Undergrad: 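This is the structure I want to talk about, given as structure tokens.
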Protein chains: 2
Amino acid sequence: MVYQDPAGLDRLFHALSDPTRRAMLQALTDDEQKIGDLAKPFAMSFAAASKHVRVLEGAGLVSRRIEGRAHICRIEPAPFAAIDQWLSFYARFWGGRLDTLEALLRADDIPQASTREDKT
Amino acid sequence: MVYQDPAGLDRLFHALSDPTRRAMLQALTDDEQKIGDLAKPFAMSFAAASKHVRVLEGAGLVSRRIEGRAHICRIEPAPFAAIDQWLSFYARFWGGRLDTLEALLRADDIPQASTREDKT
DNA sequence: GCGTTATTAAACCATATGGTTTATCAAGAT
DNA sequence: ATCTTGATAAACCATATGGTTTAATAACGC
């Protein structure tokens, strides 16, 4: 249950660890974008930006559709769900909204109630 | 208020992009651990594992308290909240936390495709 | 003190990463 | 056909990353 491919998470978190790529993602929340449009805001070569897009694609965060000479990118929702799922495991530590229900969910798996309580 | 240091997210996501470090984090959900204990499960030198801990520390995911000659590590909740906050921006269009939770809740009964996407 | 245990520091190495520049290729426009 | 546009590919470079090994440091047991 709730299995997550480790290499997938590697690629996913790595893709998100770069500010250029996160900014591109954010730009894509507005609408689909040509790679050229994605590249424009950044002070780097087109080729460099294109490589960033490829990393996002490799992580599943972005899909590409070719229309004539333009490559049109779209944000893909699934990886966000994967992150959320990963995060939910830790929800009990920081009091995320899932906290209560998550505790319910894993009630069977937990051998004994944790006495840990983080406040920091 | 909802501002997130970009460099912080860089370090955070980068720290999470390594399977060894994620495994260490998970080990820390059980209880605090000495660095030596954190290192043991991995087929790498103690020094290498120690460096991984330092990366986790640098990302704020782990704090360290020195007790005699042992360095005792503890998971820190704040960065998880930061990720959740980052994620929440995208929840707007991919369905968000509650959908994921519902899918999890139904996972036992309904074998339908949930928010899963892994198996790449 | 002396040896052992827990950890960091330093030097080093191979590979990955993020960037560049210079081709190269395909598709529109004229 | 030719020129321009949108994008990739390839070669290259500097630095970062993840790992090693060998000191070095500090605390505990004897």
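If you're wondering where the values come from, they're calculated on a predicted model, not measured in any experiment. Just so we're on the same page: letters track the sequence lines, and every chain starts at 1.
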Undergrad: Are any of the side-chain heavy atoms of A/Ile66 and A/His71 separated by less than 4.5 Å?
TA: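 They are in contact (side-chain heavy atoms under 4.5 Å apart), so the answer is yes.
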
Undergrad: Closest approach to the side chain of B/Ile35, judged atom by atom: which nucleotide of C/dT7, D/dG19, C/dG19 is it?
TA: C/dT7

Undergrad: Give one of base, sugar-phosphate or nothing for B/Ala48, where a contact means two heavy atoms less than 4.0 Å apart.
TA: base

Undergrad: Verify the contact: side-chain N or O of B/Ser45 to OP1 or OP2 of D/dG19, cut-off strictly under 4.0 Å; return yes or no.
TA: no

Undergrad: Using whole Å, what does the distance between atom C1' of nucleotide D/dA7 and atom CE of A/Met24 come to?
TA: 13 Å

Undergrad: A/Asp37 has an atom CG; how far is it from atom P of D/dT5, in whole Å?
TA: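 In whole Å, D/dT5 P and A/Asp37 CG are 14 Å from each other.
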
Undergrad: Kindly give the heavy-atom pair with the smallest separation between B/Ala15 and B/Ala59, and that separation in Å.
TA: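 So the two residues come closest at CB-CB, 3.6 Å.
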
Undergrad: Let's test your reading of the model: under 3.5 Å, does the base of D/dT20 pair with the side chain of B/Lys51 as donor and acceptor?
TA: yes

Undergrad: Ignoring backbone atoms, establish whether A/His14 has a side-chain N or O less than 4.0 Å from OP1 or OP2 of D/dA16.
TA: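 False: A/His14 side-chain N/O out of range (4.0 Å or more) of D/dA16 OP1/OP2.
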
Undergrad: Quickly, which of B/Glu67, B/Glu57, B/Glu32 forms a salt bridge (charged side-chain N to carboxylate O under 4.0 Å, His left out) with B/Arg74? Name it, please.
TA: B/Glu32

Undergrad: In whole Å, I'd like the distance from the CZ atom of B/Phe13 to the P atom of D/dT17.
TA: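 Value for this atom pair: 16 Å.
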
Undergrad: Take atom CG of A/Asp18 and atom C1' of C/dA16, then tell me their distance rounded to the nearest Å.
TA: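 Those two atoms, CG and C1', are 14 Å apart.
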
Undergrad: Taking for each residue the nucleotide of DNA chain D with the nearest heavy atom, is it B/Ser17 or A/Ala70 whose nucleotide lies nearer the 5' end?
TA: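 That would be A/Ala70.
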
Undergrad: Using 30° and 60° as the class boundaries, would you call the ring planes of B/Phe80 and A/Tyr90 parallel, tilted or perpendicular?
TA: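 Judged by the thresholds at 30° and 60°, the geometry between B/Phe80 and A/Tyr90 is parallel.
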
Undergrad: Please find the pair of heavy atoms, one from B/Leu16 and one from B/Arg22, that lie closest to each other, and give the distance.
TA: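 So the two residues come closest at O-NH1, 2.8 Å.
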
Undergrad: Tell me whether the OP1 or OP2 atom of D/dG18 has a side-chain N or O from B/Arg21 closer than 4.0 Å.
TA: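 Answer is yes, contact under 4.0 Å.
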
Undergrad: Does B/Lys34 have a side-chain nitrogen or oxygen under 4.0 Å from the phosphate oxygens OP1 or OP2 of C/dA6?
TA: yes

Undergrad: Figure out the CG/P separation between A/Leu56 and C/dG18, and round it to whole Å.
TA: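 Checked: the CG to P distance equals 11 Å.
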
Undergrad: Is there a side-chain contact between A/His71 and the phosphate of C/dC25, meaning an N or O under 4.0 Å from OP1 or OP2?
TA: no

Undergrad: Figure out the CG/P separation between A/Asp10 and D/dG18, and round it to whole Å.
TA: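 Interatomic distance, CG of A/Asp10 to P of D/dG18: 10 Å.
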
Undergrad: Does A/Arg54 put a side-chain nitrogen or oxygen below 4.0 Å from OP1 or OP2 of D/dA9?
TA: yes

Undergrad: Using whole Å, what does the distance between atom P of nucleotide D/dG18 and atom CE of B/Met44 come to?
TA: 10 Å

Undergrad: From NZ of B/Lys40 over to C1' of C/dT5, roughly how many Å is that when rounded to an integer?
TA: 11 Å

Undergrad: Both A/Phe46 and A/Arg69 contact DNA chain C. Taking the nearest nucleotide for each, which residue is further toward the 5' end?
TA: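 Its nucleotide being nearer the 5' end, the pick is A/Phe46.
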
